[in-house]
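First the structure, in the form of structure tokens, and then the observations on it.
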Amino acid sequence: MPELPEVETVRRGLMRIAAGRQINGIDVLYGKTITNDVEEFRQALIGQTITDIDRRGKYLLFRFTNQLTMVSHLRMEGSYFNQPTGGEVDKHTHVIFHFTDQTDLCYRDTRKFGRMTLVKTGTENEVGGLKTIGPEPTEQDFKLDYFIDILKHSRGKIKPFLLNQSHVAGLGNIYCDEVLWMAKINPEQPANFLSDTQASILRKSIISEIKRATKLHGTTVHTFKNAFGNAGEFQNELQAYGHAGEPCPRCGTTMIKIKVAQRGTTYCPQCQPLRGQDD
DNA sequence: CAGTGCCCCTGAGAGC
DNA sequence: TGCTCTCAGGGGCACT
């Protein structure tokens with residue numbers, strides 16, 4: 001499930017296999033992947049060249065000549081890879097961009113959740129979740145004052161709060177469990193019960209964890225592969241996610257798994273106790 | 001407006 | 001063996 005570090009890894013791969021290439025044909029094998037009219041999408045892009053690939057949160061932004069931007073979200077299992085034109089096409093490949101250099105950029109997505117939307121460059125912030133997306137989880141963009149302020153105004157649980165991309169961009173289920181474990185915060189803690197100290201520690205954990213995971217090319221669980229078909233290395237670094245029933249690396253207590261807002265959630269009941277407002 | 005819950009999808013794995 | 005059921009989950013959307 002690509003989260004920010006995985007999407008950034010994909011972006012870097014795409015810069016090498018797609019940037020600078022000119023499109024001379026597009027096959028759309030599963031129409032729902034494209035939210036535009038499929039024929040208009042194809043006609044608008046044929047003849048265009050990919051000039052750059054940017055990222056905002058978990059969204060990829062393919063920049064084309066002719067002032068066009070394709071917003072691509074991988075959701076659960078979307079992936080890109082390249083191969084020589086005419087290569088084999090499996091049943092989960094839904095979109096193929098043919099380049100003039102006789103290579104293809106293929107989009108594969110087993111669960112068909114991923115979406116692509118073509119818009120005029122400059123209007124991409126009106127597409128889906130980009131309308132309300134929060135700051136990037138970096139030292140410069142994700143300010144402590146801002147974080148403390150939005151926490152105080154939310155009575156919901158901290159885990160779904162962090163999964164909400166309008167609060168801070170890029171966190172998914174895996175990194176949420178990791179940063180809450182690092183910061184010793186219970187996933188069901190109401191957001192407005194966090195102390196300023198906890199908020200500060202949590203913010204630091206988010207920034208450092210995303211940075212560290214990006215450096216290690218993301219986490220490979222299930223099927224995530226980067227644009228070169230390689231796995232990330234960060235799965236070896238996970239402390240909480242996927243470790244239910246095992247001893248907490250910090251205190252040895254058995255980690256437990258519960259459901260929070262429909263999401264599987266692993267945490268240490270000893271290190272991450274539920275606290276009241278005055279604790 | 002904030003929060004909740006359903007839905008989109010398929011494959012893996014469990015249970016019978 | 002083979003069927004059915006459950007689970008995995010990001011984000012859009014309807015609803016409270």
Side-chain angles (χ1 to χ4, degrees), chain A residues 1-11 28-36 55-61 71-80 90-95 107-117 119 124-134 136-137 147 149-180 187-194 206 210 213 218-225 235 238 240-245 256-267:
Chain A
M1 54 224 71
E3 304 180 30
L4 193 153
E6 292 76 39
V7 177
E8 176 59 21
T9 302
V10 170
R11 189 195 69 79
V28 177
L29 306 170
Y30 179 69
K32 285 177 82 172
T33 302
I34 312 294
T35 65
N36 308 78
R55 179 193 56 74
R56 179 74 173 91
K58 303 177 197 170
Y59 293 82
L60 289 164
L61 306 169
V71 180
S72 169
H73 198 298
L74 306 173
R75 296 283 182 93
M76 302 302 299
E77 298 193 13
S79 63
Y80 284 100
D90 85 332
K91 66 171 180 172
H92 297 304
T93 295
H94 306 313
V95 183
Y107 176 74
R108 190 175 186 278
D109 186 352
T110 306
R111 290 191 190 163
K112 300 180 173 174
F113 280 178
R115 293 292 179 265
M116 299 175 191
T117 302
V119 296
E124 58 270 15
N125 290 343
E126 293 163 29
V127 175
L130 287 174
K131 277 184 278 201
T132 55
I133 196 163
E136 292 287 307
F147 191 38
D149 185 61
I150 59 171
L151 283 166
K152 291 222 186 306
H153 291 93
S154 175
R155 294 187 305 278
K157 298 171 180 177
I158 186 65
K159 174 150 178 183
F161 179 93
L162 293 179
L163 288 171
N164 185 335
Q165 303 296 299
S166 70
H167 295 145
V168 57
L171 294 176
N173 205 42
I174 296 173
Y175 296 112
C176 260
D177 280 7
E178 293 302 301
V179 299
L180 289 170
E188 298 195 283
Q189 191 76 43
N192 60 355
F193 278 25
L194 265 68
I206 290 167
I210 291 292
T219 299
T220 296
V221 290
H222 309 302
T223 55
F224 172 73
K225 297 273 171 57
Q235 61 280 4
L238 298 177
Y241 183 88
H243 293 287
I256 58 176
K257 184 169 180 177
I258 61 170
K259 280 243 179 210
V260 180
Q262 276 85 253
R263 299 285 185 265
T265 300
T266 303
Y267 73 105

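A note on names: the letters A, B, ... follow the listed sequences, proteins ahead of strands, and every chain is numbered from 1. The figures that follow rest on heavy atoms only: side chains count, while hydrogens, waters and symmetry mates do not.
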Which whole-number value in Å describes the distance from [X] [atom1] to [N] [atom2]?
| X | N | atom1 | atom2 | answer |
| --- | --- | --- | --- | --- |
| Glu3(A) | dG10(C) | CD | P | 6 Å |
| His153(A) | dA2(B) | NE2 | P | 10 Å |
| Ile158(A) | dG3(B) | CD1 | C1' | 14 Å |
| His92(A) | dT10(B) | NE2 | P | 8 Å |
| Ile174(A) | dA8(C) | CD1 | P | 13 Å |
| Asp90(A) | dT10(B) | CG | P | 13 Å |
| Lys152(A) | dA2(B) | NZ | C1' | 18 Å |
| Arg115(A) | dG10(C) | CZ | C1' | 11 Å |

Practice prompt. Looking only at side-chain atoms of Phe113(A), point me to the closest of dT10(B), dG9(C), dG3(B).
Written response: dG9(C)

Worksheet entry | Nucleotide of dG11(B), dC8(B), dG9(C) approaching Thr110(A) most closely (side-chain heavy atoms) | dG11(B)

Practice prompt. Using a 4.0 Å cut-off on protein heavy atoms (strictly under), produce a 5'-to-3' string for nucleotides 11-16 of chain C with B for base contact, S for backbone-only sugar-phosphate contact, and - for none.
Written response: BS----

Worksheet item: Going by atom types only, do Ser72(A) and Tyr107(A) share a side-chain donor-acceptor pair under 3.5 Å?
Response: no

Discussion item. Quick check: do Glu188(A) and Ile258(A) have side-chain heavy atoms less than 4.5 Å from each other?
Written reply: yes

Worksheet item: Taking side chain as C-beta onward, heavy atoms only, is Tyr30(A) less than 4.5 Å from Asp109(A)?
Response: no

For [N], does either OP1 or OP2 sit under 4.0 Å from a side-chain N or O belonging to [X]?
| X | N | result |
| --- | --- | --- |
| Tyr30(A) | dC8(B) | no |
| Ser154(A) | dA2(B) | no |
| Lys112(A) | dG9(C) | no |
| Lys159(A) | dG9(C) | no |
| Lys91(A) | dG11(B) | yes |

Discussion item. By the 4.0 Å heavy-atom rule, please label Lys157(A) as base, sugar-phosphate, or nothing.
Written reply: nothing

Discussion item. Please find the pair of heavy atoms, one from Thr35(A) and one from Arg115(A), that lie closest to each other, and give the distance.
Written reply: CG2-CD, 3.9 Å

Worksheet entry | Salt-bridge contact Glu136(A)-Arg56(A) (side-chain N to carboxylate O under 4.0 Å) | yes

Worksheet item: With Glu77(A), which of Lys112(A), Arg111(A), Arg108(A) fulfils side chain to side chain donor-acceptor pair (under 3.5 Å)?
Response: Arg111(A)

Worksheet item: Of Glu3(A), Lys159(A), Arg263(A), which meets side chain to side chain donor-acceptor pair (under 3.5 Å) against Asn173(A)?
Response: Lys159(A)

Fill in: His153(A) NE2 to Asn192(A) CG distance, which is reported to the nearest 0.5 Å
10.0 Å

Worksheet entry | Donor-acceptor pair under 3.5 Å, Arg111(A) side chain vs dA8(C) base | yes

Response to the item:
Ranking Gln262(A) and Lys32(A) by the position along DNA chain B of their nearest nucleotide, the one closer to 5' is Gln262(A)

